[in-house]
Each structure stands twice: as C-alpha cells, then as structure tokens.
Colleague: 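Here it is, the structure in full.
Atoms considered below: every heavy atom in the structure, side chains included; atoms not considered: hydrogens, waters and symmetry mates.
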Amino acid sequence: MFSRREKSATTTTQLVEDPAGPGKGHATPKRRDAERERRERVKGPTDAKAARKADRERRLLDRKAQNEGMMRGDERYLPKRDLGPRRKHIRDWVDARRTAAEMFLPAAGVILVLGLFGGSPAVKALSVLIWMLLAFSILVDSMIWTIKLRKDLRAKYPNEPRTGDVAYALMRAMLVRRMRTPRPSGPRAKKA
C-alpha cells in the first residue's frame, strides 16, 4: 500500500510546456508596494481617526436608508414581525379605521396632567372617571373590531396559522397614526 512501485510506460504523462516560458511573467512585488496598492484599491483612509469618521458616516447613511425604507414599507428593510402579505393586510386593515385605542396615548397624557395638577378632589375624581371610560371604550371597541379582523383573515388566508395577528393589530391600533411604522398606506394615509 505504501511501497514504491515502478511506473509503467503506459502511466507516464507528458509535460506540456507553457508558451510564455517558465515563471509567472513578472517579478514578485515588495510587501510595501503590495500593501500600498491594496490600500489604493480599497481607497480607505490610512489615518485611523479618518477611518473611524468615514465608517461612522457610512453607518449613519445606512441607518438613514434603512429607516426610510422601513417607513415606506419596503420588505427589505422591515423587521421580521412586519414581513409578509398577511401582516401588510393587517396593517392596512387597522389603518383604514378609527379606533378607540388610537386615542389612548393622548388621553393618557391629559389624564396624567389632571391627576397630578388638579388640586381639588373633584378634578382627580374626574380624571379617574375619564380613565375608566377610556379603558371600557377601548375594551369594547377592540373586541368588536378584532372579531371582524379574524373573520376577514379567515376568509382571505384560510390555511395559514393565525398566531400573533390580534396582538399585532392591537399594538398598531394603540399608536397614534404619525408614530406607526411603516407609515400607513391606504385610503386614510393622507390624513396621517
């Protein structure tokens, strides 16, 4: 197995000579010349401070492009939770309606101010009453439109799993239209 064998005349190969001659045709460059040429090809700054600044500017431009793409709804830039035609349908469905949950953040700010700076017990009681009415209206409204959303999703996507669809829709509905990402696109998009 590991012994030497004599080569037979039938297994010898003929060497084909390179027409350019032996060697690669040019001298090997010195290390400093090769590194300088590589740096010129990359066109990166040789100064470490300038390299960090260029890298920071490049990352800033990349983030800006990603943010703009995400706001437009470009599939390449969306986070995983927003990907797919089903989630796009949910976004458009929620954005086409006014919901009580949409008023949560502005109303919570008003209730907080009334509760903190309302000196009399009547004003504080009013803030608690407004809070309870807001919570009840959000609960009832959300139950009504989630039933409609589930029915719509079952009709449009009958064979797909429905995990997380209602939670996704509720989280989107709770945001003020201007804060939603990607931006609303649909019949009410101009109002945002």
Side-chain angles (χ1 to χ4, degrees), residues 52-53 55-192:
R52 283 193 303 270
K53 184 178 178 183
D55 188 46
R56 189 177 329 117
E57 289 173 358
R58 183 188 50 78
R59 281 185 282 138
L60 182 68
L61 289 174
D62 287 347
R63 272 197 309 265
K64 187 176 178 181
Q66 286 176 345
N67 191 30
E68 288 173 359
M70 187 174 65
M71 294 306 276
R72 280 191 318 267
D74 190 352
E75 291 278 330
R76 293 175 294 172
Y77 300 108
L78 290 178
K80 189 176 179 182
R81 66 158 200 243
D82 294 327
L83 289 176
R86 183 183 185 90
R87 291 297 167 105
K88 180 168 181 10
H89 178 74
I90 293 170
R91 286 194 302 268
D92 292 342
W93 197 92
V94 169
D95 292 340
R97 289 155 180 73
R98 282 233 185 257
T99 62
E102 199 172 325
M103 299 309 296
F104 174 75
L105 287 177
V110 170
I111 292 168
L112 182 68
V113 169
L114 284 176
L116 290 176
F117 299 113
S120 68
V123 173
K124 290 184 180 184
L126 178 67
S127 71
V128 171
L129 179 67
I130 292 171
W131 186 255
M132 290 171 47
L133 288 173
L134 178 67
F136 181 73
S137 66
I138 288 173
L139 182 68
V140 170
D141 183 47
S142 297
M143 285 180 9
I144 291 169
W145 68 258
T146 52
I147 292 170
K148 291 178 182 178
L149 176 64
R150 284 183 178 154
K151 187 177 180 180
D152 185 48
L153 288 174
R154 272 194 302 270
K156 190 157 179 143
Y157 303 99
N159 297 328
E160 291 185 27
R162 287 176 267 291
T163 55
D165 290 343
V166 173
Y168 180 74
L170 284 170
M171 294 312 297
R172 184 153 180 98
M174 283 187 113
L175 289 173
V176 179
R177 289 181 65 81
R178 279 185 237 131
M179 294 175 65
R180 295 178 184 172
T181 56
R183 282 195 185 105
S185 63
R188 291 184 55 217
K190 293 177 184 169
K191 294 180 185 178

Colleague: Please check if the number of heavy atoms outside Met70 that lie under 6.0 Å from its CE is greater than 12.
Modeller: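 Atom CE in Met70 is crowded, with more than 12 foreign heavy atoms closer than 6.0 Å.
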
Colleague: Of all residues at least two apart in sequence or in a different chain, which pass the side chain to side chain contact (heavy atoms under 4.5 Å, CB included) check with Val128?
Modeller: Met132

Colleague: Name all residues meeting the salt bridge (charged side-chain N to carboxylate O under 4.0 Å, His left out) criterion together with Asp55; count only those two or more places apart in sequence or in a different chain, and write none if there are none.
Modeller: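 Listed in chain order: Arg58, Arg59.
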
Colleague: Suppose we screen for side chain to side chain contact (heavy atoms under 4.5 Å, CB included). Which residues come up paired with Lys156, at least two apart in sequence or across chains?
Modeller: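 Once residues adjacent in sequence are excluded, the partners of Lys156 under the side chain to side chain contact (heavy atoms under 4.5 Å, CB included) criterion are His89.
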
Colleague: Within this structure, what is the CG-CD1 distance for the pair Leu133 and Ile138, rounded to the nearest 0.5 Å?
Modeller: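 The distance works out to 11.0 Å.
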
Colleague: I'd like to check Glu102 versus Arg180 (side-chain heavy atoms, cut-off strictly below 4.5 Å). Are they in contact?
Modeller: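 Glu102 reaches Arg180 side chain to side chain.
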
Colleague: Is the closest side-chain heavy-atom distance between Arg91 and Pro182 below 4.5 Å?
Modeller: yes

Colleague: Going by salt bridge (charged side-chain N to carboxylate O under 4.0 Å, His left out), name the residues that satisfy it together with Lys53, two or more places apart in sequence or in a different chain.
Modeller: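 Lys53 satisfies salt bridge (charged side-chain N to carboxylate O under 4.0 Å, His left out) with no other residue.
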
Colleague: Can you tell me if CZ on Arg72 sees more than 12 non-hydrogen neighbours from other groups inside 6.0 Å?
Modeller: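 Result for CZ/Arg72: enclosed.
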
Colleague: Out of curiosity, Leu78 CG to Met71 CE, how far, rounded to the nearest 0.5 Å?
Modeller: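 If we round to the nearest 0.5 Å, Leu78:CG and Met71:CE are 11.0 Å apart.
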
Colleague: Test of understanding: with side chain to side chain contact (heavy atoms under 4.5 Å, CB included), list the residues that count as partners of Met171, not counting sequence neighbours.
Modeller: none

Colleague: Can you tell me how far the CG atom of Leu153 sits from the OG1 atom of Thr146, to the nearest 0.5 Å?
Modeller: 11.0 Å

Colleague: Return the CG to CD1 distance between Asp152 and Ile90, rounded to the nearest 0.5 Å.
Modeller: 9.5 Å

Colleague: Quick one: salt bridge (charged side-chain N to carboxylate O under 4.0 Å, His left out) partners of Arg63, sequence neighbours excluded?
Modeller: none

Colleague: Out of curiosity, Ile144 CD1 to Leu139 CG, how far, rounded to the nearest 0.5 Å?
Modeller: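 Reported to 0.5 Å precision, the distance equals 10.0 Å.
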
Colleague: Give every residue pair that meets the side-chain hydrogen bond (donor to acceptor under 3.5 Å, both in side chains) criterion with at least one member in residues 122-145, sequence neighbours excluded.
Modeller: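 Matches after skipping sequence neighbours: none remain.
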
Colleague: List the atom of Thr99, the atom of Ala173, and the distance in Å for their closest heavy-atom pair.
Modeller: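 It is OG1-O, 3.7 Å.
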
Colleague: Sequence neighbours left out, what pairs pass salt bridge (Lys or Arg N to Asp or Glu O under 4.0 Å) with at least one residue falling in residues 77-87?
Modeller: Arg86-Glu160, Arg86-Asp165, Arg87-Asp165

Colleague: To the nearest 0.5 Å, what is the distance between CD1 on Ile111 and CG on Leu126?
Modeller: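 Separation between the atoms: 9.0 Å.
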
Colleague: Scan for salt bridge (Lys or Arg N to Asp or Glu O under 4.0 Å) pairs involving residues 167-176, sequence neighbours excluded, and state none if there are none.
Modeller: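 For residues 167-176, and leaving out neighbouring residues, the salt bridge (Lys or Arg N to Asp or Glu O under 4.0 Å) pairs sorted by first residue read Asp95-Arg172.
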
Colleague: Restricting to non-hydrogen atoms, name the atom on Pro106 and the atom on Val176 that form the minimum distance, rounded to 0.1 Å.
Modeller: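 Answer, listing the atom of Pro106 first, then Val176: CD-CG2, 4.1 Å.
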
Colleague: Quick one: is the NZ or CZ of Arg97 closer than 6.0 Å to the six-membered ring centre of Trp93, and within 45° of its axis?
Modeller: yes

Colleague: Under the side chain to side chain contact (heavy atoms under 4.5 Å, CB included) criterion, do Met174 and Leu105 qualify, and how do the steps go?
Modeller: CA-CA 8 Å; Met174 283 187 113; Leu105 287 177; over 6 Å; no

Colleague: Test of understanding: with side chain to side chain contact (heavy atoms under 4.5 Å, CB included), list the residues that count as partners of Ser120, not counting sequence neighbours.
Modeller: Ala122, Val123

